[in-house]
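Here is how names work: the chains are called A, B, and so on, in the same order as the sequence lines, proteins then strands, and each is numbered from 1.
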Number of protein chains: 4
Amino acid sequence: MLEKLKHTVYKANLDLVENGLVIRTWGNASGRDKESGLIVIKPSGVSYDFMRPEDMVVIDQEGKVVEGKYRPSTDAPTHLLLYRTYTSLGGVVHTHSSYATSWAQAGKAIPPFGTTHADHFYGEVPCTRLLTQKETENDYEINTGKIIIEKLAEIDPLIVPSVLVNGHGPFCWGIDTENAVYNAVALEEIARIAFYTVLLGKTEPISQFLLDKHFKRKHGNDAYYGQNDDKI
Amino acid sequence: MLEKLKHTVYKANLDLVENGLVIRTWGNASGRDKESGLIVIKPSGVSYDFMRPEDMVVIDQEGKVVEGKYRPSTDAPTHLLLYRTYTSLGGVVHTHSSYATSWAQAGKAIPPFGTTHADHFYGEVPCTRLLTQKETENDYEINTGKIIIEKLAEIDPLIVPSVLVNGHGPFCWGIDTENAVYNAVALEEIARIAFYTVLLGKTEPISQFLLDKHFKRKHGNDAYYGQNDDKI
Amino acid sequence: MLEKLKHTVYKANLDLVENGLVIRTWGNASGRDKESGLIVIKPSGVSYDFMRPEDMVVIDQEGKVVEGKYRPSTDAPTHLLLYRTYTSLGGVVHTHSSYATSWAQAGKAIPPFGTTHADHFYGEVPCTRLLTQKETENDYEINTGKIIIEKLAEIDPLIVPSVLVNGHGPFCWGIDTENAVYNAVALEEIARIAFYTVLLGKTEPISQFLLDKHFKRKHGNDAYYGQNDDKI
Amino acid sequence: MLEKLKHTVYKANLDLVENGLVIRTWGNASGRDKESGLIVIKPSGVSYDFMRPEDMVVIDQEGKVVEGKYRPSTDAPTHLLLYRTYTSLGGVVHTHSSYATSWAQAGKAIPPFGTTHADHFYGEVPCTRLLTQKETENDYEINTGKIIIEKLAEIDPLIVPSVLVNGHGPFCWGIDTENAVYNAVALEEIARIAFYTVLLGKTEPISQFLLDKHFKRKHGNDAYYGQNDDKI
């Protein structure tokens with residue numbers, strides 16, 4: 001079942017490695033089938049050298065395995081909570097990409113320092129609070145999803161398609177799995193140049209009007225970047 | 001029409017990716033045909049995986065599409081203003097390359113810290129002022145060109161073939177498209193080593209006489225670098 | 001003899017280069033045969049371009065060459081002391097990987113700044129004291145092993161599978177040679193992101209309960225990461 | 001003539017690019033023929049895409065072209081002065097490799113912060129003084145050689161096989177061209193980790209006795225690194 005989505009999710013996991021965002025098995029990608037609402041996700045801790053599309057695990061939105069011989073990714077409960085909360089999401093990606101993870105480890109949001117950021121994230125990339133001891137020891141992965149949602153609050157997740165989990169790393173998402181991977185790539189690059197920018201002494205983000213200009217140039221009804229059919 | 005220039009501009013866009021200056025579609029290159037004055041430029045937001053030479057867009061100096069089924073790059077008005085203002089330019093390149101963009105985000109010119117810089121840029125690589133809200137909201141891409149020209153002022157653009165747009169990233173140019181790509185590569189490298197140099201505690205640029213020596217060793221009538229035929 | 005282990009150790013040395021941890025011959029890997037207790041180790045200073053599996057040197061636990069036409073790695077005495085002291089070790093790796101070596105040169109332990117660290121190291125990656133002049137001039141390689149062991153003290157080497165030798169670089173180990181290589185890769189990445197994290201202004205490590213959660217999610221009896229058969 | 005040396009020098013120039021030390025034509029390598037004393041050096045500014053072994057230029061020790069249709073590298077006078085001064089040198093390499101150049105731009109010697117440094121350089125990698133205006137404007141390349149020699153003073157160039165030219169970049173050498181390339185690779189890596197080490201807060205170099213131990217472990221009569229035949 002869902003062979004095409006399995007292939008997409010399989011390829012997304014490899015793309016994360018190819019784009020330098022994931023070492024070994026340190027990441028995971030998933031996708032949601034629009035019709036059935038079922039989720040396809042990477043199996044936990046299976047070497048990418050041997051992983052095949054048919055090894056992807058199909059789970060329902062509560063996490064019950066519908067098809068697959070492997071356990072789903074340990075982070076599946078986080079993915080699922082995001083899918084249940086935000087019906088607009090079609091793909092979720094979690095990485096430990098170096099620069100984004102460093103911001104997460106520092107417990108700091110990534111300020112919009114330039115138009116590269118504004119082209120992809122409409123405002124800072126937020127960083128969650130730390131989990132309490134109780135939240136860590138029980139239902140850790142669900143609570144990780146909860147503090148992401150708590151942090152986004154009123155923000156549309158598709159205009160800020162990534163959050164840094166404090167002391168951990170980034171979760172990214174999008175309208176589908178490929179889009180989530182794209183956002184993970186964009187996040188890592190803006191995390192990298194924000195890091196250099198900070199070391200060059202900058203502390204203030206760009207103006208709201210420049211942020212508006214660039215984000216809206218690429219996204220929404222007034223977008224004029226790209227060809228007519230690739231607006232998000 | 002202009003098949004050779006289309007191929008050059010097409011290849012220039014791929015070269016930007018291959019040289020690590022551009023991720024996905026985050027950049028654009030163009031070239032000017034000397035005879036007709038027409039400009040060939042990358043289409044906006046078309047994936048490089050599918051882009052072909054014949055997808056390049058031919059526009060006149062006012063931006064009217066002369067040939068091509070795609071929209072030209074969103075940044076075309078900036079390219080065009082540079083071509084109209086500086087008749088010596090044959091190619092323009094815009095990237096978000098990591099180190100150059102970080103200097104732009106920090107709002108700082110790149111000082112000439114060594115001879116690697118002096119070999120390519122005759123003085124600091126300037127950084128523009130920020131655009132006002134009005135300049136951002138109306139004719140943004142033309143105004144981006146205007147603040148580049150305002151910053152260059154009396155400087156010959158071929159001896160300082162790049163400017164950093166504040167809060168945005170670099171625009172580079174040259175006598176033709178390949179030369180503009182070359183200057184974008186040189187800029188990223190000198191931005192990188194200038195970044196390291198600053199972190200090692202240096203603040204002062206090299207002397208004017210060392211800058212003169214290296215720039216003139218490679219460029220102009222007294223150049224003695226290279227073979228006789230490749231002086232710029 | 002031990003042809004399979006020779007091949008594993010040979011391949012481990014190449015993997016260190018392929019993973020960007022070793023330049024030229026600047027590293028070494030070894031493995032212990034469980035049955036015989038013999039050690040297979042890289043020859044000293046042989047170019048990886050010409051090295052073959054059969055060039056690996058077989059030594060006993062005192063360092064006597066049992067088979068092989070080459071001298072064993074200069075660092076063999078350090079490997080051997082670790083094997084003699086910790087019977088759980090099946091592989092040892094020494095590299096000068098850039099970020100881990102920088103922490104070693106700075107004489108600083110790598111604090112657990114996030115879950116990427118906690119997934120692999122149960123606590124900080126310790127840094128040894130400096131060797132005295134006498135320890136340096138006599139039995140240098142054995143004394144290097146001694147200060148590693150002195151630093152680990154009561155710590156199980158399999159839960160903190162790397163130590164930084166002050167002014168030198170990392171030694172890593174594991175249940176077998178592949179596992180030791182994996183830990184060297186993990187170490188370099190956590191050293192890299194810890195470096196960035198420090199530059200972003202962080203000084204405090206993550207909480208003990210988050211460290212516990214992530215380490216135990218992957219290791220030991222209560223692990224629930226991966227499939228049933230790949231717990232360490 | 002000297003076809004073998006031409007091939008060696010040709011390959012050395014490509015190796016500098018492959019090892020990430022040289023972009024485009026920003027470097028040069030040369031070699032000295034032991035018997036005739038003639039020097040083979042890269043032509044100036046010829047693209048590596050088209051360069052062939054037979055394009056290497058043969059010059060005598062005064063710089064007179066003995067064979068070759070191209071001009072020799074602009075930096076030939078610096079190479080020649082080093083060859084004339086130090087009869088032990090068989091190869092010279094000049095690069096603008098990023099980290100070494102950054103130290104040169106900062107005008108700082110690279111302190112021996114660890115054993116990776118000590119394995120290759122017996123003491124700090126020195127940085128020259130700046131050239132005066134007069135020295136820059138006349139006989140610039142010869143004067144560049146002179147301040148390298150002035151800085152080395154009593155030091156044997158084979159135990160400190162690189163010097164940073166202030167505001168410029170590194171010159172490296174060795175017993176032959178391959179050895180000079182090897183030293184350029186080693187220099188770039190120790191420049192890189194020294195940069196990270198400084199940012200982690202270290203200022204003091206390692207002790208003289210650790211420097212002695214590691215350098216002498218690899219070089220000279222008491223060396224015990226490598227096999228018997230590859231001591232330098």
Side-chain angles (χ1 to χ4, degrees), chain B residues 15 18-21 98-99 110-120 178-179 181-219 222-232, chain D residues 20 22-28 43-47 55 57 68-77 94-110 127 130-141 143-144 164-169 191-192 194-196 198-199:
Chain B
D15 283 350
E18 204 164 291
N19 282 285
L21 305 189
S98 309
Y99 288 97
I110 305 175
F113 282 131
T115 61
T116 321
H117 186 117
D119 283 337
H120 300 93
E178 281 108 337
N179 185 229
V181 170
Y182 178 85
N183 290 330
V185 170
L187 173 65
E188 180 61 6
E189 180 62 14
I190 65 115
R192 184 181 170 209
I193 59 178
F195 173 77
Y196 299 150
T197 302
V198 162
L199 294 190
L200 285 170
K202 186 78 176 179
T203 52
E204 289 305 301
I206 55 171
S207 62
Q208 186 63 39
F209 56 81
L210 185 55
L211 186 63
D212 286 349
K213 178 69 189 178
H214 263 264
F215 193 78
K216 292 177 180 169
R217 197 167 81 143
K218 278 192 125 173
H219 307 270
D222 297 331
Y224 57 97
Y225 178 91
Q227 307 304 321
N228 286 321
D229 54 352
D230 64 334
K231 288 182 198 177
I232 298 170
Chain D
V22 165
I23 293 177
R24 308 286 170 127
T25 63
W26 306 4
N28 44 69
S44 180
V46 171
S47 165
D55 296 333
V57 187
K69 60 177 178 177
Y70 288 115
R71 281 190 206 175
S73 168
T74 317
D75 295 315
H94 171 50
T95 81
H96 289 230
S97 67
S98 310
Y99 288 96
T101 298
S102 301
W103 283 92
Q105 291 194 160
K108 291 185 175 176
I110 305 174
C127 184
L130 289 165
L131 288 168
T132 64
Q133 181 160 359
K134 200 176 154 194
E135 289 168 330
T136 301
E137 290 172 354
N138 303 293
D139 298 325
Y140 173 68
E141 291 80 9
N143 290 327
T144 297
L164 307 175
V165 176
N166 203 323
H168 189 151
R192 183 181 171 209
F195 173 77
Y196 299 150
V198 161
L199 293 190

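- Here the straight-line distance linking atom CZ of B:Phe113 with atom CD1 of B:Ile190 works out to 10.0 Å at 0.5 Å rounding.
- Neither the backbone nor the side chain of D:Glu135 comes within contact range of chain B; no heavy atom of the residue lies under 4.5 Å from a heavy atom of that chain.
- Residue D:Leu131 touches chain B through its backbone alone, counting heavy-atom pairs closer than 4.5 Å.
- Side-chain contact check for B:Thr115 versus B:Lys213: every heavy-atom pair is 4.5 Å or farther apart.
- Considering only heavy-atom pairs separated by less than 4.5 Å from chain D, the leading option among B:Val185, B:Asp119, B:Ile206 is B:Val185.
- Note: B:Leu200 leads B:Asn19, B:Val198, B:Leu200, B:Thr203 in heavy-atom pairs under 4.5 Å with chain D.
- Proximity to chain B is absent for every atom of D:Ser47, based on heavy atoms less than 4.5 angstrom apart.
- Ring orientation note: the planes of B:His120 and D:Trp26 are tilted relative to one another, at an angle of 30° to 60°.
- Counting heavy-atom pairs closer than 4.5 Å to chain D, the top residue among B:His214, B:Lys216, B:His117 is B:His214.
- For B:Ser207, no part lies under 4.5 angstrom from a heavy atom of chain D.
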Q: List the steps and the verdict of side-chain contact (heavy atoms from CB on, under 4.5 Å) for D:Trp103 and B:Lys202.
A: CA-CA 10 Å; D:Trp103 283 92; B:Lys202 186 78 176 179; over 6 Å; no
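- Contacts between B:Asp212 and chain D at a heavy-atom distance below 4.5 Å are absent for every atom of the residue.
- The side-chain contact (heavy atoms from CB on, under 4.5 Å) with D:Asn28 is formed by just one residue from the set D:Thr74, D:Asp75, D:Val22; it is D:Asp75.
- Proximity to chain D involves both the backbone and the side chain of B:Ala186, based on heavy atoms less than 4.5 angstrom apart.
- For chain B, the nearby parts of D:Thr25 are the backbone and the side chain; heavy atoms of each come within less than 4.5 Å.
- Between D:Tyr140 and D:His168, the ring planes lie parallel to each other; the angle is under 30°, not in the 30° to 60° tilted range.
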Q | side-chain hydrogen bond (donor to acceptor under 3.5 Å, both in side chains) between B:Glu189 and D:Ser98, intermediate numbers included | A | CA-CA 8 Å; B:Glu189 180 62 14; D:Ser98 310; 2.7 Å; yes
